[in-house]
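Here is the structure we will look at.
Numbers for residues simply follow the sequence, beginning at 1. All ligand and atom numbering here is 1-based and tracks the order in the structure.
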Amino acid sequence: MMLKKTYQFSSARVAYYFDGDFTRPGKLVDKAHTVVVTDENVFQAFPGKFKGYNTIVLKAGEQHKVQDTVNYIVDQLIGFRADRKTVLIGVGGGVVTDITGYAAAVYMRGIRVAFVPTTILAMVDAAIGGKNGIDVGVYKNLVGTIRQPEFLLYDYSFLKKLPQDQWVNGFAEIIKHSCIKDAAMFRELEGNKLSYFRKNKSALAALIRKNASIKSAVVQKDEFETGERRLLNFGHTLGHAIENMYALGHGQAISIGMAAACRISAQLTGFKDTAKVVKVLNQYELPTEMAFDKQQAMTILKMDKKRERTTMNYVLLEKIGKGVVKQLPITELEELI
Ligand SMILES: NC(=O)c1ccc[n+]([C@@H]2O[C@H](COP(=O)([O-])OP(=O)(O)OC[C@H]3O[C@@H](n4cnc5c(N)ncnc54)[C@H](O)[C@@H]3O)[C@@H](O)[C@H]2O)c1
């Protein structure tokens with residue numbers, strides 16, 4: 001039996017099927033009217049999973065989350081004679097779910113879409129909340145829509161071949177969720193290591209469900225990002241800037257960003273647990289310090305989508321489990337960083 005949970009968003013109800021099996025989706029999927037989008041890594045690692053599906057295989061990697069790839073998907077959809085009854089299913093990490101969501105939103109002005117997230121990051125974050133899109137030049141996620149998928153199917157067997165660095169990436173977002181929303185989960189993370197969750201299937205499944213529900217609840221409260229949803233940017237403002245500057249992994253960059261946000265919180269909210277957060281990040285193999293070019297980071301920060309003229313929405317912690325969004329004057333931020 002698949003464990004099912006549904007979340008109501010403003011325009012749609014989304015069903016989450018935990019402990020599912022993509023090879024046997026039952027009534028959930030009519031293979032004749034389905035086109036699957038995946039990337040070459042996932043396809044090569046699990047060829048058997050795609051038997052009987054019309055499948056579009058994309059090149060892997062963020063550099064392919066661009067309009068050319070959308071055009072390729074559209075050409076393939078025409079080839080499959082996809083119409084308004086077709087359901088597009090994105091099977092992969094966040095790159096695949098983002099671009100599939102976007103292609104589905106624009107093909108024939110919008111066809112049905114669903115996701116089978118195959119990275120930890122996509123399971124707890126990218127596949128949830130309806131944001132989709134593509135990068136344009138140096139601008140990440142510049143073009144896209146907010147549009148909920150019909151369902152998410154969690155098939156944990158995909159994680160068998162997920163590389164270690166991708167586990168670490170995903171756990172950065174899990175630690176983020178615990179910092180902004182869930183002190184009990186933070187304690188659970190404190191008491192364990194990545195290897196524990198990699199070995200212990202039921203603990204991992206419970207952790208993924210918990211994180212999916214945290215992200216979903218935040219999005220439900222603020223689907224179009226005017227308040228609460230900004231909390232999810234904890235560690236991401238500075239993180240994104242240095243991610244681009246030094247070609248860091250996303251998890252590594254936001255980990256450094258979270259540690260920095262804790263230190264800023266210590267000065268502005270009286271946050272007392274920076275050392276604890278740093279310890280947990282390190283425990284999950286994430287870096288928390290780095291010498292970076294502050295001037296260049298500030299220049300990039302000033303271009304950030306989270307900027308509002310002379311101030312910037314910065315996510316701080318009041319305590320573990322309680323994130324807050326503060327509007328900081330850019331000049332003050334410059335001094336704090
Ligand atoms: N829409 C949102 O709300 C949202 C939120 C967070 C991140 N994102 C986006 O998500 C993307 C990052 O997602 P990601 O970290 O999953 O990256 P990704 O999709 O690039 O996947 C990481 C790597 O793992 C491979 N892979 C995926 N599943 C695998 C598996 N089961 N076994 C072996 N290899 C596998 C992929 O081919 C890729 O090489 C970014 O583009 C980011 O902008 C979107």
Going by the 4.0 angstrom heavy-atom rule, the piece of Lys140 near ligand 1 is side chain
Any atoms of ligand 1 less than 4.0 Å from a non-hydrogen atom of Lys215? List them with their elements. 3 (O)
Hey, which of Asp182, Val277, Ile180 is the one that makes side-chain contact (heavy atoms from CB on, under 4.5 Å) with Ile320? Val277
Here the atoms of ligand 1 under 4.0 Å from any heavy atom belonging to Ala60 are 37 (O)
Counting each atom of ligand 1 from 1 as listed, which ones have a heavy atom of Lys131 under 4.0 Å away? 1 (N), 3 (O)
Charged N-O contact under 4.0 Å between Glu225 and Lys131: yes
With rounding to the nearest 0.5 Å, note down the distance linking CD1 in Ile73 to CD1 in Ile99. 4.5 Å
Would you please classify the geometry between the Tyr16 ring and the Phe18 ring as parallel, tilted or perpendicular, with 30° and 60° separating the classes? tilted
Judging by distance only, is a nitrogen or oxygen of Gly61 under 3.5 angstrom from one on ligand 1? no
Taking only residues at least two apart or on different chains, which pairs with a member in residues 260-273 satisfy salt bridge (Lys or Arg N to Asp or Glu O under 4.0 Å)? none
Determine whether the side chain, the backbone, both or neither of Gln166 has a heavy atom under 4.0 Å from any heavy atom of ligand 1. side chain
Please report whether ligand 1 has a polar contact with Lys65, defined as an N or O pair separated by less than 3.5 Å (distance criterion only). yes
Can you tell me which residue and heavy atom of the protein come closest to atom 25 (C) of ligand 1, and the distance to 0.1 Å? Asn41 ND2, 4.2 Å
closest protein heavy atom to atom 30 (C) of ligand 1 is Phe158 O, 3.7 Å
For atom 35 (C) of ligand 1, what's the nearest protein heavy-atom neighbour? Residue, atom name and distance, please. Leu162 CD1, 3.9 Å
Within reach of ligand 1, part of Asp39 (heavy-atom separation under 4.0 Å): side chain
Is it true that, when you exclude Gln327 itself, more than 12 heavy atoms of the residues, nucleotides or ligands shown sit nearer than 6.0 Å to its CD? yes
Ligand 1 versus Ala45: contacting region, heavy-atom distance under 4.0 Å: neither
Where on Thr97 is there a heavy atom closer than 4.0 Å to ligand 1, on the side chain, on the backbone, on both, or on neither? neither
Short version for His240: what comes under 4.0 Å of ligand 1, heavy atoms counted, is neither
With a cut-off of under 6.0 Å to the ring centre and 45° to the axis, is Lys193 in cation-pi contact with Phe197? no
Could Lys201 and Tyr156 be counted as a cation-pi pair, given that NZ or CZ must be under 6.0 Å from the ring centre and within 45° of the axis? no
Interfacing atoms of ligand 1 (cut-off 4.0 Å, heavy-atom, Gly93): 16 (O), 19 (O)
Where do Arg187 and Glu190 land on the salt bridge (Lys or Arg N to Asp or Glu O under 4.0 Å) test, with the steps shown first? CA-CA 5 Å; Arg187 286 192 292 274; Glu190 260 183 325; over 6 Å; no
Please evaluate residues Tyr314 and Leu238 with respect to the criterion side chain to side chain contact (heavy atoms under 4.5 Å, CB included), reporting the C-alpha separation (whole Å), side-chain torsions for both, the decisive distance (0.1 Å), and the verdict. CA-CA 9 Å; Tyr314 216 87; Leu238 180 62; 3.6 Å; yes
Take atom CZ of Phe80 as the centre, draw a 6.0 Å sphere, and report whether it contains more than 12 heavy atoms from other residues, nucleotides or ligands. yes
Judged by non-hydrogen atoms, does Asn169 sit under 4.0 Å from ligand 1? no
What protein heavy atom is closest to atom 14 (P) of ligand 1, reported as residue, atom name and distance in Å? Gly94 N, 3.5 Å
The closest protein heavy-atom partner of atom 28 (N) of ligand 1 is Thr118 OG1, 2.7 Å
Taking the non-hydrogen atoms of Gly101, is any one of them nearer than 4.0 angstrom to ligand 1? no
Contact partition for Pro163 relative to ligand 1, non-hydrogen atoms under 4.0 Å: side chain
Side chain, backbone, both or neither: which applies to Val42 and ligand 1 if a contact is any heavy-atom pair less than 4.0 Å apart? side chain
Roughly how far, to the nearest 0.5 Å, is CD of Gln220 from OG of Ser10? 10.5 Å
Sole candidate of Ile89, Val91, Thr100 that passes side-chain contact (heavy atoms from CB on, under 4.5 Å) when paired with Phe115: Thr100
NE2 on His250 to CD on Gln166, rounded to 0.5 Å: 11.0 Å
With ring-ring contact (aromatic ring centres under 6.0 Å, His included) as the test, pick out the partner of Phe22 among Tyr17, Phe46, Tyr53. Tyr53
Could you check which of Thr119, Asp98, Asp165 puts a non-hydrogen atom nearest to atom 9 (C) of ligand 1? Asp98
Please state whether Asn132 comes within less than 4.0 angstrom of ligand 1, counting heavy atoms only. no
Would you check if Asn233 and Asn313 make a side-chain contact, meaning some heavy-atom pair closer than 4.5 Å? no
Classify the contact between Leu121 and ligand 1 as side chain, backbone, both or neither, using a heavy-atom distance cut-off of under 4.0 Å. side chain
Can Lys49 be said to touch ligand 1, with heavy atoms closer than 4.0 Å? no
Main chain of Arg229, side chain of Asp222: is a donor-acceptor contact present, judged purely on distance under 3.5 Å? yes
Contact partition for Glu62 relative to ligand 1, non-hydrogen atoms under 4.0 Å: side chain
If hydrogens are left out, which of Ala127, Ala126, Gly144, Pro117 has an atom nearest to atom 4 (C) of ligand 1, that is, the closest non-hydrogen atom? Ala126
Under 3.5 Å: N/O of Gly92 near N/O of ligand 1: no
Closest non-hydrogen protein atom to atom 18 (P) of ligand 1, residue and atom name please, with distance? Val95 CG2, 3.9 Å
